[in-house]
Enquirer: 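Sharing a structure below in structure tokens format, with a few things to ask.
In what follows, chains are A, B, ... by sequence order, proteins preceding strands, each numbered from 1. The structure presented is a predicted model; accordingly, all values stated were derived computationally and were not measured.
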Amino acid sequence: MKEASLTKVFIALLKRDLLLAYRHRAEIFNPMLFFILVITLFPLGTGADTKLLQTMAPGIIWVAALLAAMLSLDTIFRSDFEDGSLELLILNSHPTSILVLAKVLAHWLATGLPLIIISPFLALFLGLDQDVIGLLIVTLLLGTPVLSLVGAVAIALTVGLKRGGILLSLLVLPLYVPVLIFATNAIEMFSSGLPITAQLWILSSFLLLSITLTPWPTAAALKLSLS
Amino acid sequence: MMKFIYMMASPPHFYRLAGKWLPWLSGITLLLLAAGLYGGLIYAPTDYQQGESYRIIFIHVPAAWMSLFIYIAMAIAGAIGLIWRIKLAETVAVCSAPIGAGFTLLALITGSMWGKPMWGAWWVWDARLTSELLLLFLYLGVMSLYSAIPDKRVASRAVALLALVGVVNIPIIHYSVEWWNTLHQGPTVTKFDKPSIDVRMLIPLMVMAVAFKVYYVWALFLRVRVELLERERNTQWVKELLKMNKG
Amino acid sequence: MDFLQATNLTCIRDDRTLFSQLSFSLTSGQLLLLEGENGSGKTSLLRILCGIRLPEQGELIWKQVTDNETHQIAVHSNESYAGEMAFLGHLDGNKLDLTVTENLEFSKTLMRGNNCSINQALEKVNLNLFDDLLVSNLSAGQRRRLSLARLILSGASLWILDEPFTALDKKGIEMAEKEINEHLDQGGMVVMTSHHSVSFDNKKITRINLSE
């Protein structure tokens, strides 16, 4: 028998994870709900001054997206670890790093993309202009996959631990800083009419770097967590 | 060649060798520290802009250098441990983390002490201080990951992986923070990169830098020896060592 | 002919030496039964044989000998070994929110696969009436049988089984033994642990007791 090609396995795994996410819809809605709640809390905490909210909006939305992304990380490998199917994903002739990439992509489609879809409405809450909202979506599209990819390394290291929660945020949040800086910076510069090509290129290169570099340590860390 | 390295890196061999070096290292550390502190606090001239308060740089700057140096050393040791599976390298990586975190904390505290007279506030979001704070988080992450995994062999491999990811990210984080800082027009004072620093200031600074490096080796050897004893407590050489010490 | 050869394996877990200097070899058509008390290192050895865990010392080699050439790889540095091997651990490895068929379809894509169809495999393990059911609706024994169907479909020549008979009833155990026997007769190899006494042909079995 001929072995299935890597592309076929990649698509099969992607489909499987999306199907599982669909059957577990609550897991999609939880990060989204969290995202909305955090953003609602800000005006209540700082006062509903339109001017103030407008200047803070990119930062608020991005920090909320960062936290929501971090909270949702646990679902990438947790259930596979608990039911033993993670062992099967590692014990086959296909490179684990590519399978990891399929899993992260499925996870981003199921939890990251919904955040991006509702973010325009939340941006309206905070009084952002329409053209700024367009840019916000671009930065989220470029930035949130990086959060998932980098987060996958940390979650792979901690998936075997019983209490990984706080540890995970300690591992992940410092690594999220560059994305946060360049994404919010792009929006700020754009609002004041300055060019932002540099920021967008840098965000794109973060994305490319994390696609090529993170799957290996993630695969190695998964193997460690199982040993 | 590899055989020689494996022999040198075998725990009992290292344990004995490091034991012989320890008194020397502690002596050199103390001497250099005394010389550097004397040079920095008394011999070096008063700065014409910042007065006496600049003297904290003789601790702050070498500590900041060490915080970065140790992280890189930790990542290299971790990589060696991962690739060639040398126990000593794994132990060196693990034992470096608390020392590095200590230097990072020292750099942070001295930095904010220096900031009080300069900026009138204990903390400003200066690029260097912010980078240093993030570096401290990276160190804390490494340390708590190590303590969270019960099997120490597995834990040190996990730590090595994390340190490697961290070391790739440190320059990225550093330049992002710098970018963020210049664009937000924070209180950017070009602190120490004056084009010409007085030689009487430079020499104590270098002496302190060397003193901190030797201290690192000393502290590292102490920690590695303890860690090796603990990890290898069921092996023949540790049991013989214990017997000898009792008898 | 395939060979699995272990030389001087040592395993340390949490500072405890579980076993040391363990050597054995296994060829096509043979079963290696690991015995020993709880905590004697059976599961750790299986994880080393899978290639998940690194042994503290020692070497593990997989050899394939055909008429005119010998192909030899070290287990821990090669992904192609993982394609020759199928693992069933303490956990079943089935996704609870997928149906029986969906589970098998995915694992068939993931593994090398053989000529056996999903329906045939389900018939062999007596699950053919449940193919559309979600795994979460199956009993523990039925889930274990589903895992067995996965092994049958894997096309791997080496099966590594950690307590395969847990949760199976008498009929289930008979069925599992029959499948293992069939796998051996086709030139496969099996490494397994079991609390139950197994009834296999003594000529096929090698026993290693890790407590001794």
Enquirer: Would you mind reporting whether C/Leu110 and A/Asn92 have side-chain heavy atoms less than 4.5 Å apart?
Expert: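 Yes, side chains in contact.
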
Enquirer: At what distance, to the nearest 0.5 angstrom, does OG1 of C/Thr109 lie from CD1 of A/Ile11?
Expert: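 C/Thr109 atom OG1 to A/Ile11 atom CD1 measures 11.0 Å (nearest 0.5 Å).
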
Enquirer: May I ask you to check whether over 12 heavy atoms, not counting those of A/Phe34, lie within 6.0 Å of atom CZ?
Expert: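 Yes.
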
Enquirer: Nearest 0.5 angstrom please: C/Phe106 CZ to A/Asp17 CG, how far?
Expert: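 Rounded to the nearest 0.5 Å, the CZ-CG separation comes out at 7.5 Å.
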
Enquirer: Are the side chains of A/Arg23 and C/Leu98 in touch, meaning some heavy atoms are under 4.5 Å apart?
Expert: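 Answer yes - side chains close enough.
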
Enquirer: Does atom CZ of C/Phe24 have more than 12 heavy-atom neighbours, drawn from other residues, nucleotides or ligands, at distances under 6.0 Å?
Expert: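 Correct, the count exceeds 12.
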
Enquirer: Heavy-atom distances under 4.5 Å only: say whether A/Leu13 touches chain C with side chain, backbone, both or neither.
Expert: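 Answer is both: backbone and side chain atoms of A/Leu13 are under 4.5 Å from chain C.
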
Enquirer: If you count heavy-atom pairs under 4.5 Å with chain A, which of C/Arg47, C/His90, C/Lys95, C/Glu84 comes out on top?
Expert: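 The candidate making the most pairs under 4.5 Å is C/Lys95.
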
Enquirer: At a 4.5 Å cut-off on heavy atoms, which part of C/Leu88 comes close to chain A: side chain, backbone, both, or neither?
Expert: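 Nothing of C/Leu88, per the 4.5 Å heavy-atom cut-off to chain A.
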
Enquirer: Chain C heavy atoms under 4.5 Å from A/Leu89: which part of the residue, side chain, backbone, both or neither?
Expert: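 Contact with chain C: backbone and side chain both.
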
Enquirer: Please determine whether the number of non-hydrogen atoms from other residues, nucleotides or ligands lying under 6.0 Å from atom CG of A/Leu44 exceeds 12.
Expert: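 More than 12 heavy atoms, drawn from other residues, nucleotides or ligands, come within 6.0 Å of this atom.
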
Enquirer: Test side-chain contact (heavy atoms from CB on, under 4.5 Å) on C/Arg150 and A/Leu88 and set out the steps.
Expert: CA-CA 11 Å; C/Arg150 193 185 69 226; A/Leu88 307 181; 3.5 Å; yes

Enquirer: Check this for me, if you would: do A/Lys15 and C/Glu102 make a salt bridge, where the nitrogen-to-carboxylate-oxygen distance has to be below 4.0 angstrom?
Expert: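 Salt bridge between A/Lys15 and C/Glu102, a charged N being under 4.0 Å from a carboxylate O: no.
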
Enquirer: Work out which heavy atom in C/Phe87 is nearest to a heavy atom in A/Leu91; give both atom names and the distance.
Expert: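 Looking at all heavy atoms of both residues, the closest pair is CB-CD1, 3.6 Å.
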
Enquirer: Can you give me the closest heavy-atom contact between A/Glu87 and C/Ile52, atom names plus distance?
Expert: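 Here A/Glu87 and C/Ile52 meet closest at CG-CD1, 4.3 Å.
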
Enquirer: Side chain from CB out, backbone as N, CA, C, O: work out which of these in C/Asn94 comes under 4.5 Å of a heavy atom of chain A, or both, or neither.
Expert: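 For C/Asn94, the contact with chain A is made by the backbone alone.
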
Enquirer: For A/Phe81, is it the side chain, the backbone, both or neither that has a heavy atom under 4.5 Å from a heavy atom of chain C?
Expert: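 Contact with chain C: backbone only.
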
Enquirer: How long is the span from the CE atom in C/Met85 to the OG atom in A/Ser93, to the nearest 0.5 Å?
Expert: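 Those atoms lie 10.5 Å apart.
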
